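Everything quoted here is computed from the prediction, not taken from an experiment.
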Amino acid sequence: MSAAFNVVCYGEVLWDLLPTGSKPGGAPMNVAYHLKKLGNSPAMISRVGSDDRGTELLKIFQEKGLNTDFIQRDDSLPTGIVNATPNERGEMSYEICAPVAWDNIQWFDSMEGLIKNADHFVFGSLAARNKQSYNTLFKFIERATNKVLDINLRPPHFNAKTVEELLAVADIVKMNEDELNLISEWYGPISNIQERILLLQEKFWIPTLIITRGANGAIVNTNGVFYEHPGYKVKVADTVGSGDSFLAAYLTKSIHGWHADQALSYACALGSLIATREGGCPDYNLEEIENMLQ
């Protein structure tokens, strides 16, 4: 069964409690959702509570066509929730509750085949905030082929030591420009974005580093070459899941052998499309992405 999954996503699944209502979320789950929409076969590894919120999450994921075989149930910790509040630009601030079920993800030997047979392993920094999920994460990292790190710096749920450990093992890293600025400043003042990118790539031996820049598009350095895209101008509903959809699109096109600049353009298109909708997992079709590219 494991060989059926070409990408494995690991980390938090939760409810985003938005001003407009509750929506399923968590960056790794958002990535898995968009990977599935784009034609991949993702597996999601996480943990939810044995509560109504957990049951409802699993039901929604199944309705969206996502495999839930590797989402564990926890009898003592509740399903994760995040209180999300938008500012005047639609950018979100988050209050992430703890401890919750996804802080307690367990390793089972039966998962060995799942991760070894997958082409890519996608994980974030948030799921490393707790020792149990951190330890399980590194069991997967030790066995993974292509390791894809999605940085999500949510104060106070990170520390420099853990971020550095994750950067040091990743083959592909995606972060936003604010996160790039924060991390690079740990090592000295640098004003140029390309110099910041090169600093991290050289320090941690990162082959591909992707920086999302909100309304200003994105920039990637892969194998020593920079590519930039200015982004697409859209009316923003909220930015929840926009970066997650971007990553899913970039990975998908990379898997299919697209050149980095083409993958970047497609990823910016999907990220912009998702920003026009509420929540991290809105419905859409591939034709809408193609229309963005024209």
[X] side chain vs [Y] backbone, donor-acceptor pair below 3.5 Å:
X	Y	result
D74	G49	no
E56	R53	no
N221	I210	no
Q106	N104	yes
N117	G113	yes

Partners of [X] by side-chain hydrogen bond (donor to acceptor under 3.5 Å, both in side chains), sequence neighbours excluded?
X	value
S272	none
N146	none
N130	none
S191	none

Checklist entry - For D103, which of R47, Q132, R129 qualifies under side chain to side chain donor-acceptor pair (under 3.5 Å)? => result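 Only one option passes, and that is R129.
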
Checklist entry - Could K147 and D171 be called an ion pair, given the rule that one side-chain N must be under 4.0 Å from one carboxylate O? => result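 D171 and K147: salt-bridged.
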
Checklist entry - Parallel, tilted or perpendicular: which describes the rings of F246 and Y250, with under 30° parallel and over 60° perpendicular? => result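 Ring orientation, 0 to 90° scale: parallel.
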
Checklist entry - Is NZ or CZ of K253 both nearer than 6.0 Å to the six-membered ring centre of Y266 and within 45° of the ring axis? => result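 Satisfied, under 6.0 Å and within 45°.
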
Next on the checklist: Quick check for you: to the nearest 0.5 Å, what is the distance between M175 atom CE and L153 atom CG?
Outcome noted: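 One gets 7.5 Å once the value is rounded to the nearest 0.5 Å.
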
Checklist entry - When hydrophobic residues are tied together by side-chain contacts of less than 4.5 Å, even through go-betweens, does L66 share a cluster with I274? => result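 Per the 4.5 Å side-chain linkage, L66 and I274 are co-clustered.
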
Checklist entry - Does NZ belonging to K131 count more than 12 external heavy atoms closer than 6.0 Å? => result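 Open.
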
Item to check | Proximity of F140 and F138 rings by center, below 6.0 Å | outcome: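 Ring centroids of F140 and F138 are no less than 6.0 Å from each other.
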
Checklist entry - Under the side chain to side chain donor-acceptor pair (under 3.5 Å) rule, what pairs show up with a residue in residues 203-214, not counting sequence neighbours? => result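 Pairs touching residues 203-214 that pass the test: E177-R213, T208-T222.
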
Counting only pairs under 3.5 Å, give me each side-chain donor-acceptor contact of residues 277-286, with atom names and distances, residues two or more places apart or in other chains.
unit_1	atom_1	unit_2	atom_2	d
R277	NH1	D283	O	2.7
R277	NH2	E288	OE2	2.3
D283	OD1	K37	NZ	2.8
Y284	OH	H34	ND1	2.9
N285	OD1	E287	N	3.1
N285	OD1	E288	N	3.1

